[in-house]
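Input: a single structure, listed below in structure tokens.
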There are 2 protein chains.
Amino acid sequence: MPGTSLDFTARLRAAGLRPTRQRVALARLLFEGGHRHVTAESLHVEVKSAQMPVSLATVYNALNQFRDAGLLREVVVAPGRSYFDTNTGHHHHFFVEPDGALHDFPSDKVTIAGLPAPPKGTRLSRVDVIVRVRR
Amino acid sequence: MPGTSLDFTARLRAAGLRPTRQRVALARLLFEGGHRHVTAESLHVEVKSAQMPVSLATVYNALNQFRDAGLLREVVVAPGRSYFDTNTGHHHHFFVEPDGALHDFPSDKVTIAGLPAPPKGTRLSRVDVIVRVRR
DNA sequence: GCAGTATTTAGAACTGTTCTAAACTCCTTG
DNA sequence: CAAGGAGTTTAGAACAGTTCTAAATACTGC
């Protein structure tokens with residue numbers, strides 16, 4: 001029986017997070033289907049309409065914890081709102097202005113050459129490529 | 001006499017903005033030296049300590065107007081704060097986490113190959129590359 | 001089961017930004 | 001070169017998104 005809450009319970013535990021009812025509900029919404037992009041607000045609306053009441057504060061807490069645990073990746077594309085991406089693998093983003101839609105694209109074919117070395121005393125953390133497009 | 005307020009007056013007028021005392025003061029701080037990165041808050045502190053009182057609301061207004069006029073470029077690197085860059089030419093950014101320092105690097109030598117075509121019905125607006133580094 | 005710690009919650013607080021409406025300033029015209 | 005009107009500035013309120021607080025609750029190890 002795939003997609004059962006047991007999967008998420010184990011996955012949360014493996015990430016060092018107690019599998020509470022709320023976290024399991026959120027994990028299920030986030031990870032059950034394909035890759036997704038959510039904001040705290042959008043996920044809160046979703047979890048409410050799924051008859052699994054979770055407070056907004058808990059949604060924020062969970063998103064931050066999932067990100068810290070490597071289950072999610074935070075994408076910063078627009079001032080004043082944070083997107084979280086369930087795809088934590090190497091990939092980049094299309095960002096459609098002004099509607100705020102975000103789409104992944106794989107980094108397989110993308111090559112970036114000629115990047116300068118990191119400033120003295122720092123080491124590379126990540127390279128984000130955001131392709132901004134308009135209608 | 002280079003760097004005189006006349007330069008900024010003309011430049012603002014050319015951008016379709018009335019050269020008010022406040023806008024000239026801000027333009028001077030922003031454009032007089034080399035390229036800079038500022039936030040509304042940092043620029044407000046600066047203009048206050050330069051004995052040219054300008055309200056915070058006006059700093060926000062001016063930054064947005066300068067950006068809309070193409071005098072500044074907005075850089076989104078961290079959730080919850082906007083940076084403005086006086087360098088409007090092609091270039092990319094180093095972002096030093098967690099202190100929030102931002103450094104330009106030229107896009108001359110950087111080549112990005114293999115980017116997918118923009119989604120149907122959209123056209124390319126800009127490609128941002130943010131190299132995140134840690135101490 | 002029970003105790004003890006982690007988590008959740010509602011609401012307050014906070015941060016960064018925008019709005020409001022009254023006062024002021026730049027610019028044009030007469 | 002005075003006056004009028006549109007554009008601008010201002011302080012403070014309002015707002016959006018996020019984090020904090022302290023009390024109530026739920027998970028886990030024993």
* Expressed in angstrom and rounded to an integer, what is the separation of B:Asn61 atom CG from C:dT17 atom P? -> 13 Å

* Asked: Any idea how A:Tyr83 and A:Phe95 line up, ring-wise: parallel (<30°), tilted (30 to 60°), or perpendicular (>60°)?
  -> perpendicular

* **DNA chain D: 5'-proximal contact among A:Leu17 and B:Gln65 (nearest heavy atom)** => B:Gln65

* Asked: Is the shortest side-chain N/O distance from B:Arg21 to OP1 or OP2 of C:dC26 below 4.0 Å?
  -> no

* Taking CG from B:Leu43 and C1' from C:dT17, how many angstroms apart are they, rounded to a whole number? -> 15 Å

* Asked: Are any non-hydrogen side-chain atoms of B:Leu72 and B:Phe31 less than 4.5 angstrom apart?
  -> yes

* Between C:dT8, C:dT17, C:dC27, which nucleotide has the shortest distance from any of its atoms to the side chain of B:Arg18? -> C:dC27

* A:Tyr83 vs B:Val54, nearer the 5' end of DNA chain D by closest nucleotide -> B:Val54

* **Interatomic distance, A:Met52 atom CE to A:Leu26 atom CG [nearest 0.5 angstrom]** => 8.0 Å

* Structure fact -> Here the gap from B:Arg36 atom CZ to B:Asp85 atom CG, rounded to the nearest 0.5 Å, amounts to 11.0 Å

* To do: Indicate yes or no: at least one non-hydrogen side-chain atom of A:Arg81 is less than 4.5 angstrom from one of A:Glu41.
  => no

* Atom NZ of A:Lys48 to atom P of C:dT8: distance rounded to whole Å? -> 17 Å

* Asked: So how far is it from A:Glu97 CD to A:Asp99 CG, rounded to the nearest 0.5 Å?
  -> 9.0 Å

* Measure the distance from CG on B:Asn64 to P on C:dG16 and round it to the nearest whole Å. => 16 Å

* To do: Indicate, with a heavy-atom threshold strictly under 4.0 Å, whether A:Thr58 touches base, sugar-phosphate, or nothing.
  => base

* Is B:Val110 reachable from A:Val110 through a run of hydrophobic residues whose side-chain heavy atoms are each under 4.5 Å from the next? -> yes

* Structure fact -> CZ (B:Arg18) and CD (B:Gln22) are apart, to the nearest 0.5 Å, by 12.0 Å

* To do: Using a cut-off of strictly less than 4.0 Å between a heavy atom of the residue and any atom of DNA chain D, enumerate the qualifying residues of residues 71-81 of chain A by number.
  => A:Gly80, A:Arg81

* Sugar-phosphate, base or nothing in reach of B:Thr39, heavy atoms under 4.0 Å -> nothing

* Closest to side chain of B:Pro19, choosing from C:dT17, C:dT9, C:dC27 -> C:dC27

* Between which nucleotides of DNA chain D, read 5' to 3', does contact with chain A run, using atoms under 4.0 Å from its heavy atoms? -> D:dG17 to D:dT28

* Asked: B:Leu12 has an atom CG; how far is it from atom P of C:dT25, in whole Å?
  -> 18 Å

* Structure fact -> Here the distance between atom P of C:dA23 and atom CD of B:Gln22, to the nearest Å, is 17 Å

* Could you tell me the separation between the CG atom of B:Leu63 and the C1' atom of C:dG16, rounded to a whole number of Å? => 13 Å

* Between A:His37 and A:His93, how do the two ring planes meet: parallel, tilted or perpendicular, split at 30° and 60°? -> perpendicular

* Asked: Rounded to the nearest Å, what distance is computed from the CG atom of residue B:Leu56 to the P atom of nucleotide C:dT18?
  -> 10 Å

* **pair B:Gln65-B:Arg23: side-chain heavy atoms closer than 4.5 Å** => yes

